[in-house]
Amino acid sequence: MSNKAKEIVRDFYRSDILRDETVLERFFHPDLVLIWNSANGLSIMHYDDIVNFFAEVRRSYNDLRVEVSHLLADGPHVTIRYKYYIRTMENPDEELGIAHFIAIWEVKDNKIYRGYQVSQPVTDKDDTNESYHRVKV
């Protein structure tokens with residue numbers, strides 16, 4: 001199961017979430033729960049919350065790119081470390097890193113079912129040249 005779970009999570013992060021509106025239904029289980037610790041505190045999100053979240057991302061950004069540094073699997077659980085980059089509608093020629101993430105996903109019925117995620121906004125002190133070497137991606 002670990003290779004299949006890893007492939008599912010990898011394929012989700014490689015998908016074009018901004019332009020392909022079928023991504024969420026293809027990859028996320030209808031009973032999805034995401035427990036997310038961010039700079040704003042703890043959020044518990046369900047499938048509909050994720051749909052609304054990415055709808056807002058689509059409205060806000062011209063492009064969204066993910067850079068994955070780690071992707072590790074253990075049975076139905078997959079851990080991923082990544083950084084999101086965006087291009088805004090106002091300035092489409094400039095790509096900005098917006099946040100670092102680490103998430104542990106559980107895959108059930110070949111869909112992402114439960115997640116635990118921690119994020120931190122990008123700052124001027126980030127050392128991404130030294131900290132984003134790819135590991136088992």
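The aromatic rings of Y13 and Y82 sit tilted relative to each other, their planes meeting at an angle between 30° and 60°. Using cut-offs of 30° and 60° for the angle between ring planes, the F54 and F12 rings count as perpendicular. Using bins of under 30°, 30° to 60° and over 60° for the plane-to-plane angle, the ring pair F28/W105 lands in the tilted bin.
To the nearest 0.5 Å, atoms CZ (F101) and CD (E67) are separated by 13.0 Å. Interatomic distance, CD1 of I102 versus OG of S69, reported as 8.0 Å (0.5 Å rounding). Here the straight-line distance linking atom NE2 of H77 with atom CD1 of I104 works out to 8.5 Å at 0.5 Å rounding. Here the CG-CZ distance, from L18 to R65, works out to 13.0 Å after rounding to the nearest 0.5 Å. Interatomic distance, CG of D63 versus CG of L96, reported as 11.5 Å (0.5 Å rounding).
Nearest heavy-atom pair, V51 versus L24, reported as atom, atom and distance to 0.1 Å: CA-CD1, 3.7 Å. Nearest approach of M89 to S60, heavy atoms of both residues: CG-O, 4.1 Å. Shortest non-hydrogen contact noted between V23 and S15 is CG1-OG, 3.3 Å. Residues V122 and H100 approach most closely at CG2-NE2, 3.9 Å, considering heavy atoms.
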Identify every side-chain donor-acceptor pair in residues 31-48 under 3.5 Å, counting partners at least two apart or on other chains, and give the distances.
residue	atom	partner	partner atom	Å
W36	NE1	S119	OG	2.8
S38	OG	N40	N	3.1
S38	OG	G41	O	3.4

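Side-chain contact check for V118 versus R81: every heavy-atom pair is 4.5 Å or farther apart. The shortest distance between side-chain heavy atoms of I17 and R58 falls below 4.5 Å. The shortest side-chain heavy-atom distance between V66 and V68 falls under the 4.5 Å cut-off. Put simply, the side chain of H70 does not reach to within 4.5 Å of the side chain of T79, judged on heavy atoms.
No path of Ile, Leu, Val, Met, Phe, Trp and Tyr side chains, each step under 4.5 Å between heavy atoms, connects I80 with Y113, placing them in separate hydrophobic clusters.
A salt bridge links R59 to E56: at least one charged side-chain nitrogen sits closer than 4.0 Å to a carboxylate oxygen.
Scanning for salt bridge (Lys or Arg N to Asp or Glu O under 4.0 Å) contacts around R26 gives D20, with sequence neighbours left out. Judged as a side chain to side chain donor-acceptor pair (under 3.5 Å), and not counting sequence neighbours, the contacts of N91 are E94.
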TODO: Could you walk me through whether I8 and I112 pass side-chain contact (heavy atoms from CB on, under 4.5 Å), step by step?
DONE: CA-CA 8 Å; I8 290 166; I112 298 169; 4.1 Å; yes

TODO: List the steps, then state whether side-chain contact (heavy atoms from CB on, under 4.5 Å) holds for R87 with Y85.
DONE: CA-CA 7 Å; R87 292 181 192 273; Y85 295 86; over 6 Å; no

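Using modelled atom types, one side-chain atom of K111 and one backbone atom of E25 make a donor-acceptor pair closer than 3.5 Å.
Surrounding CD of E95 are more than 12 heavy atoms belonging to other residues, nucleotides or ligands, all under 6.0 Å away.
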